[in-house]
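Here is the structure we will look at, set down as structure tokens.
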Amino acid sequence: MAQAGEPNIIAMAGFVLFIALSLVITWIAARRTHNTKDFYAAGGSVTALQNGLALAGDYMSAASFLGIAGLVALSGFDGLVYSIGFLVGWPVVVCLIAEPLRNLGRFTFSDVVAFRLQQAPVRVAAAAGSLAVVAFYLIAQMVGAGNLIRLLFGIDYEVAVAIVGVVMLAYVLFGGMIATTWVQIVKAVLLLSGAFMLAMMVLARFSFNPLALFAEASNQYGTAVLAPGRLVSDPVDALSLGLALMFGTAGLPHILMRFYTVPDGRTARVSVAYATAIIGAFYLLTFILGFGAMVLVGQPAIRAVDAGGNMAAPLLAEVVGGQAFLGFIAAVAFATILAVVAGLTLAGAAALSHDVWVNVFRHGKATEREQMIVARSSTILLAALSIVLGIAFKGQNVAYMVGLAFAIAASANFPALVLSMFWKHFTTRGAQASILFGTVATLVLIYLSPTIQIDLLHNKATIFPYRNPGLFTIPMSFVIGILVSLMTPEPSAVQGFAKLEQQIHFGAAD
Amino acid sequence: MTDTHARLARLSAARWRLGVMLTAAMTAIYVGFTLLIAFNKPLLGTVLMPGLSLGILLGVVVIFTAWVLIMIYVRWTNRHYDDAVADIRRDHQEGR
């Protein structure tokens, strides 16, 4: 067993190779990035399979690979609750969101909410919701990155987080969405093949029968590992987390933004089918990786390296494939984090520059040149912010942090998006109230949750006993959006609905 | 124009119905699964054969269901909806 912090030559080589490859991609992309449509939406020319892979790349984050494998390794079945929850959001995305979004907007989901409402107030609210989601998601990725580099290279956690921030900055700053998309595609292929190889090497020890592996896990740790247990001890918490995961996917700004990179609604729809097949296969592999780590590495050894369990998959790679394979898997995990961080940063930059600067401060009248300058400045700002947040939140389980990002996305963004596209009488005030309530209520309830009050601040008790607020905040955001709209009728918004409906089906060309 | 709008509204309603139905189906299946986790842990812990609990089996089933629901939507829209939109759009453009 390698000591934490012992340098691994192959991991370093693999990582340097990935960075070199991705910087070449960035350089090529930079030469093709001339205007805001290239920067935010890769010129709208991405194919269905490419976008499927890129969606999968954006979605299969450090939380999926490191966090879930760790949760399964330490808690068995409970970890699978996350795997399953992360997948069931995709039917919602394709059935309600993907095509209308593609046809109504240009760069951000605020384009859709603001379509027939007053631009400035709606966009400020929507940008706030997006940025809150992006911030929590970034924290999770940064924490994963810091742990991984500390384990593999012996570099300080803080330095590791800074390195990720700087490399990601290069992709987004120079290559925009074209570079980010291709980095996602390369990463998705690497991650899926890495996880597949690791799973096969585990299964080879159990005559390629997953049930034999699970049976061995229950021999060693009791049949409790195959049943729900401690982690989802409270029924309300289980349901709340479940709903947040399901409806959060349809409110994630960096996922929604991907639908603008394809040429039409049909491509958007088919790309989700590809993405879901890829992501579903990957999550089935996490069952094997998690239980494999539990049996072959052992829970005490996993806990010894990282209490959150985030290092279960890399440790498993070392046990079944030695230092060389550990190096490969570590490089893949690293690529994963870098790519997701890039996608998130781009979504955050679009919210800041396209929504707030261009459409609020400049009333939609900024030149292309000015828009690009603001977009790139926002990228630098967000990269700095992500480094600071990553250092501040050291030691949290990354899957849990992502769960919170989903809660904000489901409560702040999803209700406003659905109401704006399908309910004629939705108004500017209604949209504002729904988004701001969703964002603020979720943040406040997270602050009051046992995770912050008891685990982080070491208080004895807290007034809000649930770890995930989704069960309360999602329905309330819908109700508030509807009530406020009914109290503030807006004739222009009702008139705009016919045009919206036509454009949902015909696209922006007509 | 009115004709276009009426036909579009009908098509829109059909797609919305399918989308809401599939979303509701997914929600019911997933919430049902989550409620079992929350309220009947021993049931999901039932070992069907060595290494396979009911919980793990249902988990795999939920993942496959998500993909099946997406394919139902994609097949319907690819086969019926896209053609219908194209028809309405052609008539709309000829009419003006």
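Only this structure's heavy atoms are used, side chains among them; waters, hydrogens and symmetry mates stay out. Since the structure is predicted, the reported quantities are computational estimates derived from the model, not experimental observations. A note on names: the letters A, B, ... follow the listed sequences, proteins ahead of strands, and every chain is numbered from 1.
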Non-hydrogen side-chain atoms of L22(B) and P91(A) separated by less than 4.5 Å | no
Cut-off 4.5 Å, heavy atoms of chain A, and the answer for V47(B) is side chain
In short, M71(B) meets A273(A) closest at the heavy-atom pair SD-CB, 4.0 Å
Ranking T34(B), V31(B), L54(B) by heavy-atom pairs under 4.5 Å to chain A gives rank one to T34(B)
Q. Under 3.5 Å, is there a donor-acceptor pair between the side chain of S53(B) and the main chain of A227(A)?
A. no
Bottom line for T27(B): the part with an atom under 4.5 Å from chain A's heavy atoms is both
In terms of heavy-atom contacts, A215(A) and P50(B) come closest through CB-C, 3.9 Å
The interface call for E216(A) against chain B, heavy-atom contacts under 4.5 Å, is neither
The interface call for L239(A) against chain B, heavy-atom contacts under 4.5 Å, is both
query: Mind checking whether F33(B) and F77(A) have parallel, tilted or perpendicular rings, split at 30° and 60°?
result: tilted
- Query: Hey, are the side chains of I279(A) and W67(B) touching, using non-hydrogen atoms and a 4.5 Å cut-off?
  - Reply: no
Greatest number of non-hydrogen atom pairs under 4.5 angstrom with chain B, of G85(A), A217(A), S218(A), G280(A), falls to G85(A)
Pair count under 4.5 Å, heavy atoms only, with chain A: among T46(B), L52(B), I29(B), highest is L52(B)
Shortest non-hydrogen pair, F506(A) vs I88(B), comes out as CZ-CG2, 3.9 Å
Rounded to the nearest 0.5 Å, the CD1 atom of I70(B) sits from the OG1 atom of T276(A) at a distance of 3.0 Å
Would you say that I504(A) contacts R15(B) through its side chain, given a criterion of any heavy-atom pair below 4.5 Å between the two side chains?
yes
Determine, step by step, whether R269(A) and D82(B) satisfy the salt bridge (charged side-chain N to carboxylate O under 4.0 Å, His left out) criterion, reporting the C-alpha distance in whole Å, the side-chain angles of both residues, the deciding distance to 0.1 Å, and the verdict.
CA-CA 11 Å; R269(A) 167 203 311 155; D82(B) 285 346; 2.9 Å; yes
Interatomic distance, CE@M421(A) vs OG@S12(B), rounded to 0.5 Å, equals 10.5 Å
Given A86(B), A66(B), P42(B), the one with more heavy-atom pairs under 4.5 angstrom with chain A than any other is A66(B)
Exercise. Quick one: does L8(B)'s side chain get under 4.5 Å of E501(A)'s, heavy atoms only?
Worked result: no
d(L58(B) CG, L80(A) CG) to nearest 0.5 Å is 12.0 Å
Worksheet item: Would you say W16(B)'s side chain and L96(A)'s backbone share a donor-acceptor pair under 3.5 angstrom?
Response: no
Do F214(A) and M49(B) have side chains that approach each other closer than 4.5 Å (heavy atoms only, starting at C-beta)? no
Chain A shares the most heavy-atom pairs under 4.5 Å, among A9(B), G55(B), G51(B), G19(B), with G51(B)
Whatever's closer than 4.5 Å to a heavy atom in chain A on M26(B) counts as both
Worked verdict on F64(B) versus L284(A) for side chain to side chain contact (heavy atoms under 4.5 Å, CB included): CA-CA 10 Å; F64(B) 276 103; L284(A) 291 175; 4.1 Å; yes
For G45(B) and P228(A), the nearest pair of non-hydrogen atoms, with its separation, is N-CD, 4.4 Å
Rounding to 0.5 Å, atoms CD1 (I84(A)) and CD1 (I56(B)) come to a distance of 9.0 Å
Point to revise | Min side-chain heavy-atom separation V60(B)-F287(A) under 4.5 Å | key: yes
Whatever's closer than 4.5 Å to a heavy atom in chain A on M21(B) counts as neither
Honestly, the part of L18(B) sitting under 4.5 Å from a heavy atom of chain A is neither
Could you tell me if the side chain of N78(B) sits less than 4.5 Å from the side chain of V270(A), heavy atoms only? yes
